[in-house]
Amino acid sequence: MTAMARVSRGISLEDWEDKTQLTETELQGVYDLQDACEELPLPSNWISSSPALAKSSSGLRTPESFSNATLTPLNAGALSSRLTALTTRPRSSTNLLVETAAADSEFQTRSAHGIGSEKPIETLQQFFDWFAVMESEMEKDQEDIYRNYLSVVSLYRESCDEFLADLQATAGLFDELGSEYGYVEKRTRSLQTACEKLLNEQERLIKLADELADRLAYFNQLEPIAKLFNSPGDDVCLHPDFVPMLQRLDECIEYMQQHCMTRGMTVVKMYLVNTIKSVGYDIYKQISSKPADQPLALSKQTTLFYVKFRLVSSTIKPLSIELEKRCEGHKEYQSLYQDALNAYFQTRQNLLGPVISRKIQELGPYGDLLAFARNGCAYMMNLCMDEFNLFYNFFRTGEDELYSFLDLLTSYLYDHLRPRIIHENNISVLSELCSIFQMYVLRDDTLAGLDDTDETSRHKLEFGHLIENVLEDSQGRLVFRAQTYIDNDIQKYQPKSEDYEIVPAVTPKLLTKHLLFETATEQLPKTSVVLEGSKAVVPENAGVPATLPIEEDAAEGKQSNEEKNASISTSDSPLGQGTDSLRGWFPTLQKTLWILSKLYHTVQTVVFEDLAQDAVSICNKSLKTAAEIITTNKSRLDGQLFLIKHLLVLKEQLAPFEANLVHSGKTLDFSHVTDTLSSFQQNRALIFNPNALIGLAQRGMPRVVEISLDSRRDIDRELKRVCEDFITDCARGAAEPLTNFMVKLRAIVYSQISTLRSAHIETRDQTLPKDVRDTAAQFKESAGERIGFVLRKLREYVNDYKIEQILMKPIQTNILEQYKAFYQTVEDMNIHDNSYSLMSVEVTALWLSQLKDQVDQVSQ
């Protein structure tokens with residue numbers, strides 16, 4: 001209505017037409033619209049005003065619904081009914097006019113309302129207004145399908161939102177229900193656990209009550225037993241309960257011993273442990289109060305570490321003895337006693353550990369190894385002795401645990417010694433170290449042989465047992481260095497030309513004087529324990545043979561580790577280096593005797609025998625090789641005397657070594673294998689004989705043969721051989737004229753034996769008496785020169801009266817035997833000249849014995 005009023009007031013139809021000049025396309029559109037609107041349906045308001053024609057409840061109409069509504073027979077019937085109603089009413093003229101007017105008015109009103117207008121359309125402007133309204137409504141009706149769809153979609157969306165909200169609410173309810181269920185389950189489990197604990201506690205209490213009842217049963221028996229035993233009359237023993245009461249009484253007494261005694265021993269153990277720890281803690285507080293740079297004095301240290309402990313030992317030892325008495329057969333008492341020992345050892349270790357470490361640093365672990373080892377062992381021995389005595393002031397048994405504790409204390413020294421030992425290359429230092437450590441082992445052996453008369457003497461500290469580890473390390477290092485020394489300095493030694501030169505033998509008097517001078521100047525302890533005897537402190541009953549004093553091995557001095565590692569001989573002794581020219585020994589012999597002197601009584605006997613056998617065998621081979629070279633360069637006599645001299649020295653110096661220089665082993669013997677194969681080679685037909693092949697398999701296998709190498713026997717055998725060769729050669733050289741004559745005589749006899757029948761040859765050959773006379777003269781001259789030469793050579797090499805007598809006597813005997821054969825032949829064959837008398841055998845023997853004195857006079 002408002003739109004119509006706006007149209008009617010705003011513009012007229014003419015103005016509209018003037019202002020709206022349409023194009024042909026627009027006009028064609030208007031015409032098409034007119035054609036489409038020729039049959040328009042009735043307005044919806046008019047149709048809805050009729051109850052018969054109105055739809056159920058929907059106010060939304062589509063164009064299709066309006067068009068269908070106008071074309072149905074129902075609309076025609078409604079229109080005809082209206083018309084019939086108008087014609088059937090009674091009417092007068094006035095009423096008719098009135099009714100007609102009213103009907104028209106009503107009809108117009110209804111028509112106007114039916115087409116959506118408040119007033120009937122009377123003018124063109126009203127029509128345009130109405131048309132505009134209808135057009136907008138038609139457009140609106142065309143969009144209703146989309147609005148309807150939008151409303152449906154919105155309704156679905158709202159439903160989905162509500163459904164999701166309901167789901168979230170339901171999920172929240174489920175979560176709340178789950179949390180409440182978890183809470184209930186947790187509470188249920190807690191309740192179950194509490195119930196189980198209560199049940200367990202109930203069971204424990206019931207068990208405890210039962211155990212208490214069982215244990216109280218032994219105590220409850222006291223009253224009825226006492227009542228029965230105190231009953232009046234002498235016939236109480238005849239009571240039927242008397243014997244069972246005695247049995248129960250025995251059971252009660254045994255129970256008391258087993259349970260009440262354990263409690264008592266536990267109290268003893270707690271008192272021992274608390275008392276020992278309390279004393280240790282008091283000492284520790286006193287030590288801690290002192291500044292670190294102010295060490296305790298010796299008297300103060302002794303008072304703190306030993307006097308205070310001995311003060312409480314008088315109360316502790318009786319209790320420990322009572323505890324120790326009951327350990328046998330009772331593991332629980334042994335455990336209590338062991339706890340007391342552990343508390344004691346732990347307390348002592350905590351107190352002594354820092355003191356031992358500080359003392360070892362004061363001894364200088366990085367200085368002289370021998371001095372550090374000697375001082376360190378002395379300190380540790382005194383400390384262990386004090387600890388050993390203090391332990392037996394507290395306890396009566398527990399020696400194994402005590403030695404474990406002492407071994408722990410000595411480990412402080414061992415930790416500093418072992419790195420020095422395994423890096424030490426000097427054999428003399430290592431040998432002296434072994435001697436130092438073995439001194440304590442020998443001391444233990446000496447103390448073990450003494451008579452144990454009282455209780456205190458039965459407890460003896462075996463300090464050698466505590467230093468076995470460092471002794472084994474020293475021996476192992478010494479053996480390694482000795483093997484290297486034997487391999488590099490003896491076996492691989494390359495002799496020099498001056499080694500084969502003859503060095504005048506030194507008389508024993510001069511040698512002793514030289515050695516006394518060396519001892520007075522050096523003023524150092526000897527290091528050899530075999531050839532000279534060690535000056536280290538050893539037990540009196542451990543005497544060591546000393547057959548050849550040697551000079552002291554001077555210290556190497558301060559040298560770098562590189563120089564030590566580069567050292568080959570690892571010895572600064574002239575004897576160890578093979579440069580001792582005073583004795584005139586071959587270098588390999590000097591080195592062999594030196595290394596044996598360093599090893600003897602410092603390593604195990606088995607190890608020494610193995611190394612000694614190896615070194616002596618190598619030395620023997622080197623001496624024979626040197627003798628061959630001397631024989632080639634000089635003479636056979638020089639080579640023999642060289643070998644005799646050195647073999648005698650080697651044999652003499654090996655005599656004090658109480659060792660079996662025998663090496664036993666096994667080897668494979670292939671000699672019979674070679675014989676078997678050679679037989680097959682000679683007879684090739686046996687190859688195709690199965691029996692022969694089986695025999696080859698049986699006889700051709702190598703055999704295991706045991707071999708035994710005895711160095712002493714080899715030396716004796718070689719010495720015997722070279723002495724026999726020397727005696728034979730000397731006798732042959734002295735009696736060479738006699739030998740030549742005998743050969744010549746034998747040739748003459750053999751040449752004339754076929755024609756000569758007489759035993760007197762002088763009638764056949766008048767030159768023989770002259771040859772006998774010449775031979776005798778030559779023999780006397782040759783024997784004198786040869787024996788003199790041999791004596792001078794022998795004194796150059798050996799210069800020993802006994803050896804000289806031993807060697808010269810067989811030579812003289814051999815010469816005399818040859819002269820005796822010559823003399824007997826001449827006498828038997830009567831071929832000498834009467835003008836010349838041969839020396840008798842007795843005179844020749846006297847003359848040979850006087851040759852030595854003549855040589856001595858000439859040499860003087």
Side-chain angles (χ1 to χ4, degrees), residues 204 208 211-212 215 253-288 301-357 380 383-412 414 455-456 458-463 465-466:
R204 187 185 66 82
L208 180 60
E211 292 178 355
L212 289 175
R215 296 182 180 181
I253 294 174
E254 183 180 359
Y255 175 82
M256 295 295 179
Q257 289 180 348
Q258 291 180 354
H259 294 82
C260 297
M261 188 64 68
T262 302
R263 175 58 183 167
M265 293 299 100
T266 303
V267 172
V268 171
K269 188 266 293 187
M270 295 301 298
Y271 176 77
L272 295 179
V273 172
N274 293 333
T275 304
I276 292 173
K277 288 186 177 180
S278 176
V279 175
Y281 182 68
D282 293 340
I283 296 175
Y284 175 75
K285 288 194 300 183
Q286 295 185 27
I287 295 175
S288 301
Q301 180 176 337
T302 304
T303 303
L304 288 178
F305 290 155
Y306 297 100
V307 175
K308 283 196 172 185
F309 271 87
R310 289 192 178 96
L311 291 177
V312 299
S313 64
S314 58
T315 58
I316 288 180
K317 188 170 184 179
L319 297 176
S320 66
I321 291 176
E322 293 298 327
L323 180 58
E324 182 264 333
K325 284 180 182 178
R326 294 164 176 83
C327 288
E328 185 176 359
H330 297 83
K331 293 183 179 179
E332 60 273 13
Y333 299 160
Q334 293 177 359
S335 178
L336 296 176
Y337 189 72
Q338 188 66 37
D339 292 342
L341 291 178
N342 293 337
Y344 173 80
F345 292 138
Q346 185 65 36
T347 303
R348 297 298 300 174
Q349 181 186 356
N350 294 336
L351 293 176
L352 295 176
V355 178
I356 295 174
S357 299
M380 291 307 303
L383 179 66
C384 292
M385 183 65 71
D386 294 337
E387 289 298 314
F388 188 84
N389 296 330
L390 180 64
F391 173 80
Y392 284 105
N393 288 332
F394 283 84
F395 304 97
R396 191 171 63 176
T397 59
E399 188 168 345
D400 294 339
E401 292 80 2
L402 174 60
Y403 273 99
S404 299
F405 166 68
L406 296 179
D407 186 68
L408 183 62
L409 296 183
T410 55
S411 64
Y412 290 93
Y414 178 73
E455 183 179 358
T456 57
R458 287 196 295 269
H459 299 299
K460 298 174 181 177
L461 174 63
E462 296 180 359
F463 185 72
H465 173 73
L466 300 176

Determine whether a donor-acceptor pair (N or O, by modelled atom type, separation under 3.5 Å) exists between the side chain of [X] and the backbone of [Y].
X: R326; Y: E322; answer: yes
X: S313; Y: F394; answer: no
X: T410; Y: D407; answer: yes
X: Y414; Y: L409; answer: no
X: S411; Y: L408; answer: yes
X: T275; Y: L272; answer: no

Ring centre gap for F305 and F309 strictly below 6.0 Å: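 No; F309 has its ring centre 6.0 Å or more from that of F305.
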Starting at [atom1] of [X], measure out to [atom2] of [Y] and round the result to the nearest 0.5 Å.
X: M385; Y: L390; atom1: CE; atom2: CG; answer: 13.5 Å
X: Y306; Y: L351; atom1: OH; atom2: CG; answer: 10.0 Å
X: E462; Y: F388; atom1: CD; atom2: CZ; answer: 8.0 Å
X: R204; Y: L208; atom1: CZ; atom2: CG; answer: 6.0 Å
X: Y392; Y: E387; atom1: OH; atom2: CD; answer: 13.0 Å
X: L336; Y: K331; atom1: CG; atom2: NZ; answer: 14.5 Å

Of the non-hydrogen atoms in [X] and [Y], which two are nearest, and what is the gap between them?
X: K277; Y: A343; answer: CE-CB, 4.3 Å
X: G398; Y: L341; answer: CA-CD1, 4.4 Å
X: I287; Y: L304; answer: CG1-CD1, 4.2 Å
X: Q349; Y: F405; answer: N-CE1, 3.9 Å

Got [X] and [Y] here, is their nearest side-chain heavy-atom distance under 4.5 Å?
X: R348; Y: Y344; result: yes
X: F395; Y: K317; result: no
X: L406; Y: F463; result: no

If you count every heavy atom of other residues, nucleotides or ligands that lies below 6.0 Å from Y403 atom OH, does the total exceed 12?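 Above 12, so yes.
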Are Y337 and T397 linked by a side-chain donor-acceptor pair shorter than 3.5 Å?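 Side-chain D/A pair, Y337 to T397: present.
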Working note: K308 + Q286, criterion side-chain contact (heavy atoms from CB on, under 4.5 Å); need CA distance, chi angles, decisive distance, verdict. CA-CA 12 Å; K308 283 196 172 185; Q286 295 185 27; 2.4 Å; yes
Stepwise, does the side-chain contact (heavy atoms from CB on, under 4.5 Å) test hold for R396 with K325? CA-CA 10 Å; R396 191 171 63 176; K325 284 180 182 178; 4.0 Å; yes
Evaluation steps, side-chain contact (heavy atoms from CB on, under 4.5 Å), between M265 and E332: CA-CA 10 Å; M265 293 299 100; E332 60 273 13; over 6 Å; no
Given the rule in the side-chain contact (heavy atoms from CB on, under 4.5 Å) test, do Y271 and T315 qualify, once you have shown the distances and angles that lead to the verdict? CA-CA 10 Å; Y271 176 77; T315 58; 4.1 Å; yes
Is it possible for you to check whether R310 lies under 6.0 Å from the centre of the six-membered ring of F391, through NZ or CZ, and within 45° of that ring's axis?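 Checked: cation-pi criterion not met.
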